[in-house]
Amino acid sequence: MDPDNSKEAPTRGWHKILELGQLPEGRVRTVTVDRHSLAVSRYQGVYGALDNRCPHQGGPLGEGSIENGWLRCPWHGYDYNPTDGSPPEGFDDAPACYPVQVRDDGVYVELPAAQAPVPTVSDVMVETLVRWGVRAVFGMVGHSNLGFADALRRAEQRGDLRYFGIRHEGAASFAAAAYGKLTGELAACLAIAGPGSTNLMTGLYDAKMDRAPVLALCGQVPSSVRGRGAFQDVDLQGAFADVAAYNQTVSARSDHAELVNLACKTALVQRDVALLVLPDEVQVQPAPDSAVPGGPTGRLVRSEITPAADLLDAAAARIAAAARPLLVLGAGARFDVAEVVALAEHMGAPVATTFKAKGLISDRHPLGCGVLGRSGTPIASWFMNESDLIVAFGASFSNHTGIAAYKPIVQVDCDPMALGRFHPVDLPVLGHVGATARALAERLAGGASFVGHREEVAERWAIWRAEKASRLADDQGRGLNSAAVFDSLSRLCPSDAVIAVDVGNNAYSFGRYFETRAQSVLMSGYLGSIGFSFPAAMGAWAAVGDRRPIVSVSGDGGFGQYAMELTTAVKYKMDITHLLLNNAQLGKISKEQRAGRWDVWQTSLHNPDFAAYAELCGARGLRVDATDRLDDSIRTALAHPGPALVEIICDSDLV
Ligand code: FES
């Protein structure tokens, strides 16, 4: 292993550290030369240069003070001679001391030869991550993860991965989850011990519940104080026991590469969360000579489960016998859509999607019916109600999905636990979506004759589009209506965009009104977490931002949760267009309170001028309070080469 940090070590020899007279008499300050931090002092006209780490617990001696001729450590008050580092009588620990010369042009220090770089176990672990395909890490560098972070820094310098420093660890786990949902590949999130790690929890549950691979890397307090009530000492393995399918604390004598291998494999194969807890001292431990980075070679099998022949025969027979079959795409079909659409085209059968799967079949496809359920279109509902058979691919049948349980159902999924999970189905079929759809199409190729439903799909779309058009002009003088917002976005959003949506009225309206072409849609599907969309857009940008436009949509409540991440997007020049539907309240909850005959209570929000806020952050900010300014503003934001926010003042009733 070559940690490749030799260029970073201080060069042997003399280095100028101060101008003459720059340091007042009786003072000490920190001076950094290359990567070497020194406590430089001047006492009674004599300069001293000590290693800046106090021998006791690493306190920054350069931030101390000189009292009675002693340099006092600011942390616990240990004293050292400021010019030679020696301790008072009776003590024997002393910081390293370096030769100092006062020359005509300044004060110089002589530093020792650079030590040969030593690969650490963190280097081994990071290289293993890279071999497993981890290309993006979102996180916050801090006190208890600095050793691992330094290995990530070296990997980034080599061009092996990119690191994105976020403002809140919750955004890191959402970003990593979105990366996994979009690509099926593994991204990581990094946090410190204690609060940094617990902040990851929501995004990790989002990944777990939507079956996205994510790796969480959590710093931990030193093993010597772990479990003794130390500062930021939280039992992370215990805290994450439910959310993490793989959950291990690395120790000094671990096989470090092997633990990373198993973490990555678990996350990818089980599409779940893996967690590695990294005690502070282990991160900087030199890697054993025998340490070799791991990787996926020989660890993964390309799995494609084709259903048993009798199940395929039974499914094909039911489909052939149905007069009005409806195919349903769930998010589990994301990477196998072409095969299902080919089957639908062969059958002439309409295809609806769950909300999580919105966009998997284009709304412009002659058999596409849009979304089922409470965020759905009347077209999908129509075909659901009229169907005599539902063939569901990769759908999980939650209570929000909108698949009618009373219909005859053939359910196809590669996870036996997903089959019939929410209620019994007539024919559960264990198989991967693509392989099963292909096999069904082959079985149905000759025998069955289908009545196509293309014309009926077109008729239903015409009715719905006329209805949508009639809503465009709705105006109560309190802001724009959602139909107009998503009509505009439907026309202007690039067809290859990735769109991250939040929860609440904005998401329901997006599901109902936005017409997809080839966009990919990301959401916090099963967890339904507010605040998801903007961090998710950051994750999508890290994954495909060099190839695809990135758009996100939220309400004012959702954006408010991670509003400061706009500065992260500015820092990394993330080209994200965010539509913020501002109705100054948690509008969906106000509606629920009204519908439940409760008083509307505590749902109002006090907001800043979000467009001005965006400008303050260094992004482009636009504010829209009239429908005739909508198109221009969205166009401007999409064209802006960097993060842009369009704040749209919306009527909470017109959703
Ligand atoms: Fe310096 Fe404790 S760290 S006295």
Side-chain angles (χ1 to χ4, degrees), residues 181 206 209-211 324-334 337 340 344 349-363 365 367-413 418 420-423 425 457 460-461 463-464 467-468 482-483 486 490 499-516 519-530 532-533 553 555 587-589 591-592 595 655:
K181 291 179 194 190
D206 175 62
M209 293 175 73
D210 281 353
R211 308 292 308 270
R324 294 182 64 88
L326 172 68
L327 305 194
V328 176
L329 283 167
R334 182 177 291 275
V337 171
V340 179
V351 184
T353 74
T354 62
F355 188 24
K356 264 170 73 178
K358 181 175 172 72
L360 291 192
I361 183 166
S362 169
D363 289 327
H365 189 284
L367 293 167
C369 302
V371 169
L372 283 166
R374 55 180 79 180
S375 321
T377 66
I379 309 143
S381 307
W382 168 268
F383 282 103
M384 170 65 70
N385 293 340
E386 297 297 313
S387 68
D388 58 358
L389 178 71
I390 292 164
V391 188
F393 292 91
S396 313
F397 289 77
S398 87
N399 47 336
H400 284 204
T401 303
I403 300 173
Y406 56 86
K407 295 281 184 180
I409 295 172
V410 174
Q411 184 190 358
V412 178
D413 207 291
R421 187 180 66 174
F422 221 79
H423 52 73
V425 295
V457 172
R460 287 286 137 191
W461 270 108
I463 294 168
W464 174 228
E467 170 67 26
K468 287 203 296 180
S482 297
F486 291 113
S490 297
I499 308 174
V501 296
D502 217 87
V503 298
N505 282 341
N506 64 92
Y508 282 90
S509 300
F510 173 85
R512 192 172 303 128
Y513 293 126
F514 181 81
E515 290 191 19
T516 59
Q519 293 96 348
S520 302
V521 177
L522 299 173
M523 68 185 67
S524 176
Y526 270 111
L527 188 63
S529 177
I530 191 169
F532 171 82
S533 70
V553 175
K588 168 75 169 46
I589 306 307
K591 202 160 81 172
E592 277 185 36
V655 295

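Computed from a predicted model, the values in this text were never measured in an experiment. What's counted below: heavy atoms across the whole structure, side chains too, no hydrogens, waters or symmetry copies.
Side-chain contact between F397 and I409: present, with at least one pair of heavy atoms (C-beta onward) separated by less than 4.5 Å. Residues V501 and K358 form no side-chain contact, since every pair of their non-hydrogen atoms from C-beta on lies 4.5 Å or further apart. Side-chain atoms of L389 and P408, non-hydrogen and from C-beta on, do get closer than 4.5 Å to each other. Between W382 and I463 there is no side-chain heavy-atom pair separated by less than 4.5 Å. The shortest distance between side-chain heavy atoms of M384 and C369 does not fall below 4.5 Å. Here the side chains of H423 and Y406 are not in contact, with every heavy-atom distance at 4.5 Å or above. Side chains of F510 and M523 form no contact here, defined as non-hydrogen atoms less than 4.5 Å apart. The side-chain heavy atoms of Y508 and Y513, taken from C-beta on, include no pair separated by under 4.5 Å.
Nearest approach of A380 to V371, heavy atoms of both residues: CB-O, 3.2 Å. Here the shortest heavy-atom pairing between P325 and P350 reads O-CD, 3.5 Å. Considering all non-hydrogen atoms of both residues, M209 and K356 come closest at O-NZ, 4.4 Å. Across A333 and F393, no two heavy atoms sit closer than the pair CB-O, 3.7 Å. In terms of heavy atoms, I530 sits closest to V503 at CA-CG2, 3.5 Å.
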key: From CA spacing to verdict: side-chain contact (heavy atoms from CB on, under 4.5 Å), H365, V351   = CA-CA 9 Å; H365 189 284; V351 184; over 6 Å; no

inquiry  = As a quick check of understanding, evaluate side-chain contact (heavy atoms from CB on, under 4.5 Å) for R324 and F383, giving each step before the final call.
reply    = CA-CA 8 Å; R324 294 182 64 88; F383 282 103; 3.7 Å; yes

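Separation of atoms NZ (K588) and CG (N506) is listed at 11.0 Å; rounding is to 0.5 Å. Here the NZ-OG1 distance, from K468 to T377, works out to 9.0 Å after rounding to the nearest 0.5 Å. The line from CG of L327 to CD1 of I361 is 8.5 Å long, rounded to the nearest 0.5 Å. Note that CD1 of I379 is 9.0 Å distant from CZ of R460, once rounded to the nearest 0.5 Å. L522 contributes atom CG, which lies 9.5 Å from atom CD1 of I499 (distance to the nearest 0.5 angstrom). Going from atom CD1 of I390 over to atom CG of L326 covers 6.0 Å, rounded to the nearest 0.5 Å.
Side chain of K181 to backbone of V521: no donor-acceptor contact under 3.5 angstrom is found. Formation of a donor-acceptor pair under 3.5 Å by the R512 side chain with backbone atoms of P378 is not found in this model. No donor-acceptor pair closer than 3.5 Å links the side chain of Q411 to the backbone N or O of R421. Side-chain atoms of D502 do not come within 3.5 Å of backbone N or O of V553 as any donor-acceptor pair. At distances below 3.5 Å, at least one donor-acceptor pair connects side-chain atoms of S490 with backbone N or O atoms of E515. Looking at D363, its side chain never comes within 3.5 Å of a backbone N or O of G368 through a donor-acceptor pair. In this structure a side-chain-to-backbone donor-acceptor pair under 3.5 Å is present from D210 to G525.
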